[in-house]
Amino acid sequence: MNASDDTSTRLIVLRHAKSAWPDGVSDHERPLAGRGRRDAPAAGRWLRQQRCVPDLVICSTSRRTRETWELVAGELQPEYAPPATRGDHAAPVAPVAPDVVFEPRIYAASASAVLQVLSGIPERCRTALVIGHQPAVQDLVLALAGEEGEGEALERAGGKFPTSAVAVLTLPGGWTRLEPGAAALTAFAVPRGPAPGDH
């Protein structure tokens, strides 16, 4: 299912990419592992292909989530406008960088705490991306979607929410009505980058 719907309010929930566990480094400052540095760009490409480019990003302050966003952002190239007449080449749309908020309340948060942060999103925002941690990201998606959404996506999101997993929810009531059961899960994916040695 294509997650594109230009008329709806959407929430994208992304778990950070795979992180490393260096000795002597606090949890908050753990960097991405090699696999995470390959998978995060794949998540960005998937979002671009689905036309799910956010105009607001709310990211945990942890190093692994910040590095995930940097790599995702690098793949969110401007979309191309349709040709004006037959035979014309598509012209690139001027890129509009999203607003990015590094939010300390997302780190080590519960789903309800993340929901409280999201409730402050302005109504003018059409697509928001939140980058956070387990178990909050999975709990948030399942709580918001309830029983609503694409069956396979719901089943997969409920079973496992791996690193770099992306969930896209539509919000018929907008941000002011963001509460459990108020959204529909329209897409769930676990993008992966190439394995070492792949060409």
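Positions are given from 1, in the same order as the sequence printed here.
- Residue pairs meeting the salt bridge (charged side-chain N to carboxylate O under 4.0 Å, His left out) criterion with at least one member in residues 151-165: none, sequence neighbours excluded.
- By the salt bridge (charged side-chain N to carboxylate O under 4.0 Å, His left out) test, Arg15 pairs with no residue at all, sequence neighbours left out.
- Every residue meeting the side chain to side chain contact (heavy atoms under 4.5 Å, CB included) condition with Pro135, not counting sequence neighbours, appears here in chain and number order: Asp139.
- Nearest approach of Ala153 to Ala187, heavy atoms of both residues: CB-C, 4.2 Å.
- Residues meeting the salt bridge (charged side-chain N to carboxylate O under 4.0 Å, His left out) test with Glu103, sequence neighbours left out: Arg105.
- A pairwise comparison of heavy atoms in Thr61 and Pro104 identifies CG2-N, 3.5 Å as the closest pair.
- Annotation for Trp175 and Leu118: closest pair CE3-O, 4.4 Å, computed over non-hydrogen atoms.
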Before giving the answer on side-chain contact (heavy atoms from CB on, under 4.5 Å), spell out for Arg37 and Glu67 the whole-Å C-alpha distance, their side-chain angles and the decisive distance to 0.1 Å. CA-CA 8 Å; Arg37 298 194 68 79; Glu67 289 183 352; 3.9 Å; yes
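- With sequence neighbours excluded, the residues forming a side chain to side chain contact (heavy atoms under 4.5 Å, CB included) with Ser112 are Ser110, listed by chain and number.
- Here CZ of Arg63 is found 11.5 Å from OG1 of Thr68. Values are rounded to the nearest 0.5 Å.
- Every residue meeting the side chain to side chain contact (heavy atoms under 4.5 Å, CB included) condition with Leu115, not counting sequence neighbours, appears here in chain and number order: Leu140, Leu144, Leu178, Pro180.
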Starting from the C-alpha separation in whole Å, work towards a yes-or-no answer on side-chain contact (heavy atoms from CB on, under 4.5 Å) for Lys18 and Ser164. CA-CA 7 Å; Lys18 182 74 174 177; Ser164 299; over 6 Å; no
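- Salt-bridge check for Arg64 with Asp27: passed, with a basic side-chain N closer than 4.0 Å to an acidic carboxylate O.
- Applying the side chain to side chain donor-acceptor pair (under 3.5 Å) criterion to Arg66, with sequence neighbours excluded, gives no partner residue.
- Across all their heavy atoms, Cys52 and Ile12 have their closest contact at O-CD1, 3.5 Å.
- For Arg35, the side chain to side chain donor-acceptor pair (under 3.5 Å) criterion is met by Asp39, Thr163, not counting sequence neighbours.
- Within the structure, ring-ring contact (aromatic ring centres under 6.0 Å, His included) contacts touching residues 115-135 (residues at least two apart or in different chains) are His16-His133, Tyr107-His133.
- Atoms CG and OG1, on Leu169 and Thr9 in that order, are 12.0 Å from each other to the nearest 0.5 Å.
- Around CD of Gln116, the count of heavy atoms belonging to other residues, nucleotides or ligands within 6.0 Å does not exceed 12.
- The two atoms that bring Leu14 and Ala43 nearest to each other are CD1-CB, 4.4 Å, heavy atoms only.
- In this structure, Leu171 is not a member of the same hydrophobic cluster as Leu142, with clusters built from ILVMFWY side-chain heavy atoms closer than 4.5 Å.
- Checked by atom type and distance alone, the side chain of Ser60 never pairs as donor or acceptor with a backbone atom of Thr65 at under 3.5 Å.
- Applying the side chain to side chain donor-acceptor pair (under 3.5 Å) criterion to Arg177, with sequence neighbours excluded, gives no partner residue.
- Residues satisfying the side chain to side chain donor-acceptor pair (under 3.5 Å) test with Glu70, not counting sequence neighbours, are none.
- With hydrogens and angles ignored, the 3.5 Å screen pairs no side-chain donor or acceptor of Trp69 with any backbone N or O of Val100.
- Within the 3.5 Å criterion, the main-chain N or O of Val168 finds a donor-acceptor partner in the side chain of Thr186.
- In this structure, the side chain to side chain contact (heavy atoms under 4.5 Å, CB included) partners of Pro41, at least two apart in sequence or on a different chain, are Arg45, Leu71, Glu75.
- Partner of Leu11 under the side-chain contact (heavy atoms from CB on, under 4.5 Å) criterion, out of Val130, Ile58, Leu129, Leu185: Val130 alone.
- Side-chain heavy atoms closer than 4.5 Å link hydrophobic residues (I, L, V, M, F, W, Y) into clusters, and following such links, possibly through other members, connects Val13 to Val101.
- In this structure, the side chain of Gln134 does not engage the main chain of Pro162 through any donor-acceptor pair within 3.5 Å.
- In terms of modelled atom types and a separation under 3.5 Å, the side chain of Arg30 and the main chain of Ala20 share a donor-acceptor contact.
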side-chain contact (heavy atoms from CB on, under 4.5 Å) assessment of Ile106 paired with Val114: CA-CA 6 Å; Ile106 300 293; Val114 176; 3.9 Å; yes
Val53 and Thr127: CA distance, side-chain angles, deciding distance, side-chain contact (heavy atoms from CB on, under 4.5 Å) verdict: CA-CA 7 Å; Val53 178; Thr127 301; over 6 Å; no
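- For the pair Gly146 and Leu154, the tightest heavy-atom approach, listed with the atom from each and the gap, is O-CD2, 4.0 Å.
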